[in-house]
**Student:** 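Sharing a structure with you now.
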Amino acid sequence: MQQHKHLLRRYLRPQGPKLAVLMALLFANIALELVAPMWMSKFIDGVQNAASIEALTSIALVFMLFTLARPIVMGFAGYLAEDVGWRSTNAIRTDLTRHCLSLDLSFHRSRTPGELMERVDGDVAELHEFLSFFVFAVIGRLLLAIGIIVLAFVADYRIGLLLLAFALSVVVILRRTQRIAMPRSRALRETRADLSSFVEERLAARESIVANGGRRHMFHQLYEKIAELVERTRASMVASRYASSLLEVMVALAGTGVLALGAYLLPGKSITLGQIYLGYYYTQLLSLSLTVVTMHMDGLQRAGASIARISELTGTETRVPSGPGRDVPRGAAEVEFTGVDFGYGERQQALSDVSFRLAPAQTLGLLGRTGSGKTTITRLLCRDHDVNAGTVRLGGVDVREFTLEQLRSRISMVTQDVQLFHASLRDNLTLFDATVPDERILAALAELHLTDWYAGLPDGLDTVLTDGGGSLSAGEAQLVALTRAFLDDPDVVVLDEASSRLDPSTEQMVEEATTRLLDGRTGIVVAHRLKTVRRLDRILILEDGRVRESGDRSALAADPDSRFAALLSGGKA
Amino acid sequence: MSTIRATFALIRFAPGWYALNAFLQILRSGFPLIPALVVREVFDRLSGSPGLTTGLWLLFALLIGAVLARVTALFASVAVDGRTSSMTNGLLVRNALDRIFRRPGAQTLPNTTGGTVNRITADSQAVADMLIANMVVIGSAVQAIVALAIMASIDLTMTVIVALPMFAAGALITFTSTQIKRYHAQSRTAAGEVSSLLRELFRAVQAIQLANAVDRVTDRVRDVSETRRARSLRSRMFSQVFLGSVWSSTSGLGAGLVLLLAASRIDRGTLTVGDVVLFVSYLGWITEFTALFSQSLAAYKQASVSLERLDEVVQGDAGMPAVVASAQILPGPGTPRPRQPESELDRLESLRVDGLAYRHPSSGRGVSGVDLEVRRGELVVVTGSVGSGKTTLLRALLGLLPTDEGTIRWNGRTVDDPATGFVPPRCAYTPQVPHLVTGTVEENIRAGSDASDEELRQAIHRAVLDRDLDVMPDGLQTRVGPRGTTLSGGQVQRVAAAQMMIRQPDLLVFDDISSALDVNTERELWRRIKADPEATCLAVSHRETALAMADRVIVLRDGVVVAQGSYDELRETVAELRHNTADDSVDGRTETDGHLDGEVVSR
């Protein structure tokens, strides 16, 4: 509950003026809704007392006026409520996106993009439904219910008592039935998220599914998911009706009670037929109001679950917190690992006792079998993860001392998977940094010998790349990633198998550019090609997360007993 | 195809359920008419002779009975609603996927993956919800008709006058329907943009973080969200607030008219107080129907937008009927596991391609006039520079892209539809960037195959995955995280290779297996494949390891074959191969091959 209040207060406050107008409209609406049936009651009494046609007609006209005014008030209020809902949830969505994107990679490793989408878009949308109707449904209808009970007391204390007892028992019962629906609606939501992830993964793997005859298997799995969806939708929909159905039965009991009480009081003239009607009508209105409240109580439950999940997410702290910040002069820096241990999760030890030192502007080649821990070393340097033990230093300073922004502005990384956006080439190169002038981008492209390729693009820097880089070959995507690194102008460059997907002639191009990029910078290169390695100053060979061999490249190459020399000569080390 | 026809097609998918649904809707809406009749009787009795009589107690009992019947009908009805809507939803998802997976597997989809997922899931749900909304309207319509009939039996003129404004409002709604549809389409497009952007961002977290771009991309999220707010607000206001106001004004007008007309009629004695109460009460139900009707009309318009969006996803050459076509979507009890589809081709002796051509419609690039041959037991390696068309060639050959020209012959017989022919057990494929799915390593390798454990072990061995499995915490049962990210790139590729091997195809097709493998691992892979003299393989690679082992090397340049032959024949003459070999070595070692392993197989 505390979470709800906190979240609502924080995001509704900026909407203050609109909320005030909304409240005013809401009160007007409630007043109209309460007053209109009184004129109906007067009409019935007028008939009973044989009033003149003129008198009855004027009562009818006033009644009509009230009933016509209400929708106009409602329309305006609805518009405002919707607007407030969108504005506040957009703010939540934006903040939540920023938060998620700031969390460390071990968080993202355990979640699909689809899952995060469901939080940031799905849960927030749920909250939107709740917010845009919250004022209407919960507050407005509750106020109306209170108004009805007060008016009933004014008419006759016995009717008042009856309606009060009715309303109280409704609240009690609502609170009990409220919990039944919640786990089922949560289960349904999970099933939907699961189905969405399923579809996404299969679309991503479409090529191999089609080519390897995996269609039938996929549909078999899909049908199982649909069966689960069917069962959970049914269970959730039935459960969501418990509260409202119980309410309906209670309304019938209360309405009958009002009629019976009226019939009992009528002969004593302590009540009129019109008032009996009003009492009966108010019972219906009360039930209608409480039904709406119930419906949005479902919404409240869902929103509660959504808020809980959102809060869980906002409460998740990054495992690589930004450091206090250290101002050090820019320029090629020393990189040093001392006794570094690291594991993904608890059981998988990726690095054990790794130590090495790389002098400023020197380059290091990381060698080793797939899975030996090369990529992990590069990740620890950029603080995608933090070490379990030991220290990683940049320019003699523990990387945890820098703010993340300081650290990452000094390091550029070209990863194995190039991540491209459905956006212009410019935005893909600068990652949406509008302050980078086009001339700088073009200069970087020229340096990479990409001018010819660039000239072939239909709209230059405005060319929109398609999702997942489908319009670019894997090699071209690599070149885009290298250009990104060029634009960053870093002190330390990390190339993780950067050229592994390139064919020889493109590789030639990249090699030249890489040489220029590494020039005067400290470089760590995860390389497979001897040609790349030959240009590097130092070598580190990893095996199962341990340093197997480390040293000066030329010294290692000259030592016939070294593993590196064995690699060079083509023998099995 | 019209939305109406689509709707009926969907109803035909489960006619029994929809019929039951309609029946229960009628009961669910019918029972609430009883109380007003009872209450009219109560008021008429009270206005004549005040006091609690036995007759009144019976009427009260009837009031309670009616609500119990109504609640029972309601529960039965929502249970059936849930089942019908989710089945329809499931059918649409299934059909959309079916259409997409019938298309050539590498042909780009018209939308982003995020957008496509959004359409397949959210739009399917919108259509299913619309159908249920329509069923609710059916019940409500029956209710309104019965109510009107009862009112007309009391006073026909008054009923007509009171009902007239409703028809006027109905006409107004019809006039504005195109606008509703347009606004809704715009708001859905804006919503799709938000989804796609978020999805891309969550995929690219590492790149965004390393570029210090979190705030910049978040600003972009804010902008697209703001567009969605404006669009949705307009769409929703138009369809709900404006039209909703029209309806409630209409009902207010109706109730006022009842009172105005009743004044003289009561005076003349043709109408009772109870009748007035009944009229006002039924008018409420009729308004509810009209409001529901206007909502379902809006839902209907919105559903037709959703259907169009689904149609776009499946790029309906067969169009809408495909999306709404009936199909088996639930695994019946005891449904056997699906068997692997059998290729109708014979055991491979030779594969010949003549004049194969494919151009990417957007870029105009591709391959043309490609001739090649692969015979049983051979290793044929395709090489060439970036963008030379290697991947395109493999995809076109396998039917993953629709070829423009060329013939493909399997054992001398022309293959008309490579997409259905080139599947296990004749052929299998590992793409350049394989995608695994959430599940265990074993599930990913098997992918539905019911091969024996021994066959599984062999596939793992041939894919050089055995050593990795030994160090994985749970071996074969290690969970592959979301999209396989807990494995390294090379491991993902070898799991994909094992998935291919376990199918024991005659022809193995690899697209650039070397891209994420170190040289030793790749050499081991080729060694193990070559250990089987029957193994036939067509691969894209740049590594000398592969080139040197190849029986034939095919060099592509700008989409055409520029050289074909053994590596030894071509290495000195073809530019793409030449700089791979000779190299100045500062280490005093000559004749290294440019790769780390110093592979000497070819010498």
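Note that this is a predicted model, so its numbers are computed, not measured. Proteins get letters first, then strands, A, B, ... in listed order; numbering begins at 1 in each.
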**Student:** What's the spacing between B:Cys427 SG and B:Met500 CE if we round to 0.5 Å?
**Tutor:**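 Here the rounded value is 9.0 Å.
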
**Student:** Any idea which of B:Ile208, B:Val276, B:Val39, B:Thr116 has the most non-hydrogen atom pairs under 4.5 angstrom with chain A?
**Tutor:**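 With the most close heavy-atom pairs to chain A, the winner is B:Val39.
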
**Student:** For chain B, which candidate among A:Ala211, A:Ala205, A:Ala252 shows the most heavy-atom pairs at distances under 4.5 Å?
**Tutor:**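 Option with the top pair count is A:Ala211.
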
**Student:** Among B:Val42, B:Leu109, B:Leu68, B:Asp468, which residue forms the greatest number of heavy-atom pairs with chain A at distances under 4.5 Å?
**Tutor:**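 Looking at each option in turn, the highest pair count goes to B:Leu109.
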
**Student:** Rounded to the nearest 0.5 Å, what's the gap from OH on B:Tyr429 to OG on A:Ser208? Could you check?
**Tutor:**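 Those atoms lie 8.5 Å apart.
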
**Student:** Could you look at A:Ala260 and say if it's the side chain, the backbone, both or neither that has a heavy atom under 4.5 Å from chain B?
**Tutor:**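 Its backbone and side chain both get close to chain B.
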
**Student:** Ion pair present between B:Arg94 and B:Asp98, side-chain N to carboxylate O less than 4.0 angstrom?
**Tutor:**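 Answer for the salt bridge query: yes.
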
**Student:** Would you name the heavy atoms of A:Leu105 and B:Gln209 that are closest together and state the gap between them?
**Tutor:**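 Taking A:Leu105 first and B:Gln209 second, the nearest heavy atoms are CD2-OE1, 4.3 Å.
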
**Student:** Under 4.0 Å between a side-chain nitrogen and a carboxylate oxygen: does that hold for B:Arg83 and A:Glu231?
**Tutor:**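 No.
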
**Student:** Which of the residues B:Thr521, B:Val214, B:Val509 is involved in the greatest number of heavy-atom pairs with chain A at under 4.5 angstrom?
**Tutor:**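 Of the options given, most contacts go to B:Val214.
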
**Student:** What part of B:Leu260 is in contact with chain A, defined as an atom under 4.5 angstrom from a non-hydrogen atom: side chain, backbone, both or neither?
**Tutor:**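 When you check distances to chain A, atoms from both the backbone and side chain of B:Leu260 fall under 4.5 Å.
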
**Student:** So which part of B:Thr391 gets closer than 4.5 Å to some heavy atom of chain A, the side chain, the backbone, both or neither?
**Tutor:**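 No part of B:Thr391 comes within 4.5 Å of chain A.
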
**Student:** Please classify the contact between B:Leu210 and chain A as side chain, backbone, both or neither, with a heavy-atom cut-off of under 4.5 Å.
**Tutor:**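 When you check distances to chain A, atoms from both the backbone and side chain of B:Leu210 fall under 4.5 Å.
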
**Student:** Please give me the minimum heavy-atom distance between A:Ala204 and B:His435, naming the atom from each residue.
**Tutor:**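 Closest approach of A:Ala204 to B:His435, heavy atoms only: O-CD2, 3.2 Å.
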
**Student:** Check whether A:Leu222 gets within reach of chain B through its side chain, its backbone, both or neither, counting any heavy atom under 4.5 Å.
**Tutor:**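 Only the side chain of A:Leu222 comes within 4.5 Å of chain B.
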
**Student:** Find the one option among A:Tyr264, A:Phe198, A:Phe219, A:Phe66 whose heavy-atom pairs under 4.5 Å with chain B are most numerous.
**Tutor:**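 Of the options given, most contacts go to A:Phe219.
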
**Student:** Based on non-hydrogen pairs under 4.5 Å, which of B:Leu46, B:Val93, B:Val221, B:Leu56 is most in contact with chain A?
**Tutor:**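 Top option by heavy-atom pairs under 4.5 Å: B:Leu46.
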
**Student:** Does this structure show an ion pair linking B:Arg229 with B:Glu226, if we count only N-O contacts that are shorter than 4.0 Å?
**Tutor:**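 Judged by the 4.0 Å cut-off on N to carboxylate O distance, B:Arg229 and B:Glu226 do form a salt bridge.
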
**Student:** Kindly indicate, with the supporting measurements, whether the criterion side chain to side chain contact (heavy atoms under 4.5 Å, CB included) is fulfilled by B:Val205 and B:Leu201.
**Tutor:** CA-CA 6 Å; B:Val205 177; B:Leu201 294 185; over 6 Å; no

**Student:** Under 4.0 Å between a side-chain nitrogen and a carboxylate oxygen: does that hold for B:Arg228 and A:Asp121?
**Tutor:**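 So B:Arg228 pairs with A:Asp121 through a salt bridge.
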
**Student:** For A:Thr430, is it the side chain, the backbone, both, or neither that has a heavy atom closer than 4.5 Å to a heavy atom of chain B?
**Tutor:**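 Backbone of A:Thr430 only, per the 4.5 Å heavy-atom cut-off to chain B.
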
**Student:** Tell me, out of A:Leu404, A:Asp384, A:Asp488, who's got the most heavy-atom pairs with chain B below 4.5 Å.
**Tutor:**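 Highest number of pairs under 4.5 Å: A:Asp384.
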
**Student:** Check B:Asp219 with B:Arg216, please: is the shortest side-chain N to carboxylate O separation under 4.0 Å?
**Tutor:**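 Answer for the salt bridge query: no.
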
**Student:** Measure distances from A:Val230 to the heavy atoms of chain B and classify the residue's part below 4.5 Å as side chain, backbone, both or neither.
**Tutor:**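 It is both, since atoms from each part get that close.
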
**Student:** Charged N to carboxylate O under 4.0 angstrom, B:Asp81 versus A:Arg234?
**Tutor:**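 Not counted as a salt bridge, because no side-chain N and carboxylate O are separated by less than 4.0 Å.
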
**Student:** Contact part of A:Arg232 toward chain B, heavy-atom cut-off under 4.5 Å: side chain, backbone, both or neither?
**Tutor:**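 A:Arg232 has no heavy atom closer than 4.5 Å to chain B.
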
**Student:** Given a strict heavy-atom distance threshold of 4.5 Å, which part of B:Arg222 is in contact with chain A: side chain, backbone, both, or neither?
**Tutor:**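 Both parts, heavy atoms under 4.5 Å.
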
**Student:** Between A:Cys100, A:Ala60, A:Gly255, A:Ala235, which residue shows the highest count of heavy-atom pairs closer than 4.5 Å to chain B?
**Tutor:**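 Looking at each of A:Cys100, A:Ala60, A:Gly255, A:Ala235 in turn, A:Ala60 comes out on top.
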
**Student:** Which heavy atom in A:Ile226 sits nearest to a heavy atom in B:Gly90, and how many Å separate them?
**Tutor:**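 Looking at all heavy atoms of both residues, the closest pair is CD1-O, 3.3 Å.
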
**Student:** Let me know if B:Phe422 has heavy atoms under 4.5 Å from chain A in its side chain, its backbone, both or neither.
**Tutor:**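 For B:Phe422, the backbone is the part near chain A, not the side chain.
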
**Student:** Using non-hydrogen atoms only, which part of A:Ile209 is less than 4.5 Å away from chain B: side chain, backbone, both, or neither?
**Tutor:**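 Contact with chain B is through the side chain of A:Ile209 alone.
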
**Student:** Between B:Leu97 and chain A, which part of the residue has a heavy atom less than 4.5 Å away: side chain, backbone, both or neither?
**Tutor:**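 Its backbone and side chain both get close to chain A.
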
**Student:** Would you find more than 12 non-hydrogen atoms of other residues, nucleotides or ligands less than 6.0 Å from A:Trp86 atom CH2?
**Tutor:**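 Check passes, neighbour count above 12.
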
**Student:** Taking every heavy-atom pair that is under 4.5 Å apart, which of A:Arg192, A:Arg93, A:Gln48 has the most such pairs with chain B?
**Tutor:**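 Top count of heavy-atom pairs under 4.5 Å with chain B: A:Arg192.
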
**Student:** Quick one: which of B:Ala428, B:Ala496, B:Ser264 has the most heavy-atom pairs under 4.5 Å with chain A, could you say?
**Tutor:**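 Among B:Ala428, B:Ala496, B:Ser264, the one with the most close pairs to chain A is B:Ala428.
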
**Student:** Against chain A, work out which of B:Thr430, B:Leu398, B:Leu253, B:Val194 has the most heavy-atom pairs shorter than 4.5 Å and name it.
**Tutor:**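 Maximum pair count with chain A is reached by B:Leu253.
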
**Student:** I want to know whether A:Phe432 and A:Phe421 have ring centres closer than 6.0 Å.
**Tutor:**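 Yes, the ring centres sit under 6.0 Å apart.
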
**Student:** Go through A:Ile44, A:Thr67, A:Thr94 and name the one with the most non-hydrogen pairs under 4.5 angstrom from chain B.
**Tutor:**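 Highest number of heavy-atom pairs under 4.5 Å: A:Thr94.
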
